[in-house]
Amino acid sequence: MKLDKKNIFTIPNILSSFRVILAFVFLTIFYQSDLDNKERYSTAIILISALTDFLDGKIARKFNMVSELGKILDPIADKITQGVLILCLMKKYPLLRWLFLLFTVKEAFMGIVGAKVLKKTGENKGAMWYGKVCTAFFYLVMFLFLFIPDISIQIANVLILMCSFFMLLSFILYAKRYKELLS
């Protein structure tokens, strides 16, 4: 992977880096117990993060700014944001503990096996549609939890189970794809 200013300082890479910063801003605001309107700020941060996630991919493809760094940076920003969200909300929604376990196993697998695929093929194809669906649904669920803080635990659990389904499906489909690429 050739790294030069043209491949590093692209709008999509800057947006992905901004999402990493937003994750830590969210974490800070979430744990500020004396902050007025903290739910609104937290919701706005996640909405901005989700929108920049959507935009960085669109901009990269439309303006030919797809880079190898971006293919790595974008999912890292996603995973940091997702991990922070789950950790922050798991006290209120205990079923998120299981989602966090699935998330951790899936992402560890993706990192280890993805590195092997990259070494063997020399290519990083980027996210597949099922990974994008999983991420979009995850953001939707977390946004709802923040936007509707008094959502019933029953509805929350159904949403968490649906999120788990998409995450497990994504995990299985990526595992199948990686198996084919390593064969």
Side-chain angles (χ1 to χ4, degrees), residues 1-3 6-24 26 45-87 89 96 99-145 159-183:
M1 166 172 57
K2 183 181 175 190
L3 292 179
K6 183 180 178 190
N7 292 330
I8 294 173
F9 296 108
T10 65
I11 293 169
N13 290 350
I14 292 168
L15 289 173
S16 292
S17 300
F18 179 62
R19 286 193 356 254
V20 172
I21 294 166
L22 282 177
F24 292 102
F26 173 87
I45 290 168
I46 294 310
L47 182 59
I48 292 167
S49 182
L51 289 174
T52 56
D53 184 23
F54 174 77
L55 285 175
D56 71 7
K58 291 288 184 194
I59 292 168
R61 287 183 291 280
K62 182 171 180 154
F63 297 103
N64 198 27
M65 293 182 180
V66 175
S67 68
E68 291 303 312
L69 179 62
K71 291 179 189 176
I72 295 168
L73 190 57
D74 178 66
I76 288 173
D78 286 340
K79 301 324 159 201
I80 290 171
T81 302
Q82 291 170 359
V84 164
L85 282 165
I86 295 171
L87 290 172
L89 294 171
L96 281 177
L99 183 68
F100 185 72
L101 178 63
L102 175 60
F103 170 78
T104 303
V105 170
K106 174 186 175 274
E107 296 311 324
F109 171 84
M110 297 282 292
I112 293 166
V113 179
K116 288 181 182 180
V117 168
L118 184 59
K119 185 176 180 181
K120 180 180 179 184
T121 66
E123 292 183 82
N124 179 356
K125 299 281 188 184
M128 301 302 290
W129 69 267
Y130 36 86
K132 293 177 182 182
V133 168
C134 176
T135 299
F137 192 78
F138 179 90
Y139 272 123
L140 175 65
V141 169
M142 296 302 127
F143 178 79
L144 288 172
F145 289 170
L159 291 170
I160 293 167
L161 289 172
M162 291 172 66
C163 198
S164 299
F165 168 78
F166 284 115
M167 193 173 289
L168 183 60
L169 177 65
S170 174
F171 185 13
I172 291 167
L173 293 174
Y174 272 117
K176 181 181 174 192
R177 178 174 178 250
Y178 284 168
K179 182 180 177 190
E180 291 168 359
L181 291 170
L182 289 172
S183 298

Any donor and acceptor pair, going by atom type alone, linking the side chain of S49 with main-chain N or O of I45 inside 3.5 Å? no

Could you check L99 against M167 for side chain to side chain contact (heavy atoms under 4.5 Å, CB included), going step by step and ending with a plain yes or no? CA-CA 8 Å; L99 183 68; M167 193 173 289; 3.9 Å; yes

I need the Y130 OH to L169 CG distance, nearest 0.5 Å.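 One finds 9.0 Å between OH of Y130 and CG of L169.
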
How many angstroms lie between OG1 in T52 and CG in D74, if you round to the nearest 0.5 Å?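 Here the interatomic distance stands at 9.0 Å.
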
Tell me whether the count of non-hydrogen atoms from other residues, nucleotides or ligands lying under 6.0 Å of CZ in F54 goes above 12. no

Indicate the ring-plane relationship of F166 and F137, choosing parallel, tilted or perpendicular according to the 30° and 60° boundaries.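 Rings of F166 and F137: tilted, 30 to 60°.
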
CH2 on W129 to OG on S170, rounded to 0.5 Å: 9.0 Å

Over all atoms of both residues, closest heavy-atom pair of K71 and V66: CE-CG1, 3.7 Å

State, to 0.1 Å, how close A77 and S16 come at their nearest heavy-atom pair, and which atoms those are.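 Between these two residues, the closest heavy atoms are CB-O, 3.4 Å.
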
Which heavy atom of G70 sits nearest a heavy atom of P75, and at what distance?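 Nearest pair, atom of G70 first, then P75: O-CD, 4.0 Å.
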
Rounded to the nearest 0.5 Å, what separation is found between the CD1 atom of I76 and the CD atom of E107? 10.5 Å

Any side-chain heavy-atom pair from F145 and L85 closer than 4.5 angstrom?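 SC-SC contact between F145 and L85 ruled out.
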
What are the two closest non-hydrogen atoms of L181 and T121, and how far apart are they?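 The answer is O-CG2, 4.3 Å.
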
Would a 4.5 Å heavy-atom cut-off, applied to side chains only, mark F138 and F103 as touching?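 Of all side-chain heavy-atom pairs linking F103 with F138, none is under 4.5 Å.
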
I need the I59 CD1 to M65 CE distance, nearest 0.5 Å. 7.5 Å

Got L182 and V113 here, is their nearest side-chain heavy-atom distance under 4.5 Å? yes

Closest approach of L73 to S17 (non-hydrogen atoms, all atoms of both residues): CD2-OG, 3.5 Å

Minimum side-chain heavy-atom gap Y139-D53 below 4.5 Å: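 Side-chain contact under 4.5 Å: yes.
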
Close side-chain approach of L96 to M142, heavy-atom, < 4.5 Å: yes

Is it true that, when you exclude L55 itself, more than 12 heavy atoms of the residues, nucleotides or ligands shown sit nearer than 6.0 Å to its CG?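 It does: L55 CG has more than 12 such atoms within range.
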
Could you give all pairs that pass the side chain to side chain donor-acceptor pair (under 3.5 Å) test and reach residues 75-84, with sequence neighbours left out?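 The answer is R19-D78.
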
Could you give the distance from CD1 (I46) to CG (L22), rounded to the nearest 0.5 Å?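 The CG atom of L22 is 7.5 Å from CD1 of I46, to the nearest 0.5 Å.
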
Identify the two heavy atoms, one from M128 and one from Y174, that lie closest to each other, and give their separation to 0.1 Å.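 Closest approach of M128 to Y174, heavy atoms only: N-OH, 2.8 Å.
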
Looking at F18, I want to see if its CZ is surrounded by more than 12 non-hydrogen atoms of other residues, nucleotides or ligands under 6.0 Å.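 Atom CZ in F18 is not crowded, with 12 or fewer foreign heavy atoms closer than 6.0 Å.
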
Taking atom NZ of K120 as the centre, does the number of heavy atoms from other residues, nucleotides or ligands within less than 6.0 Å exceed 12? yes

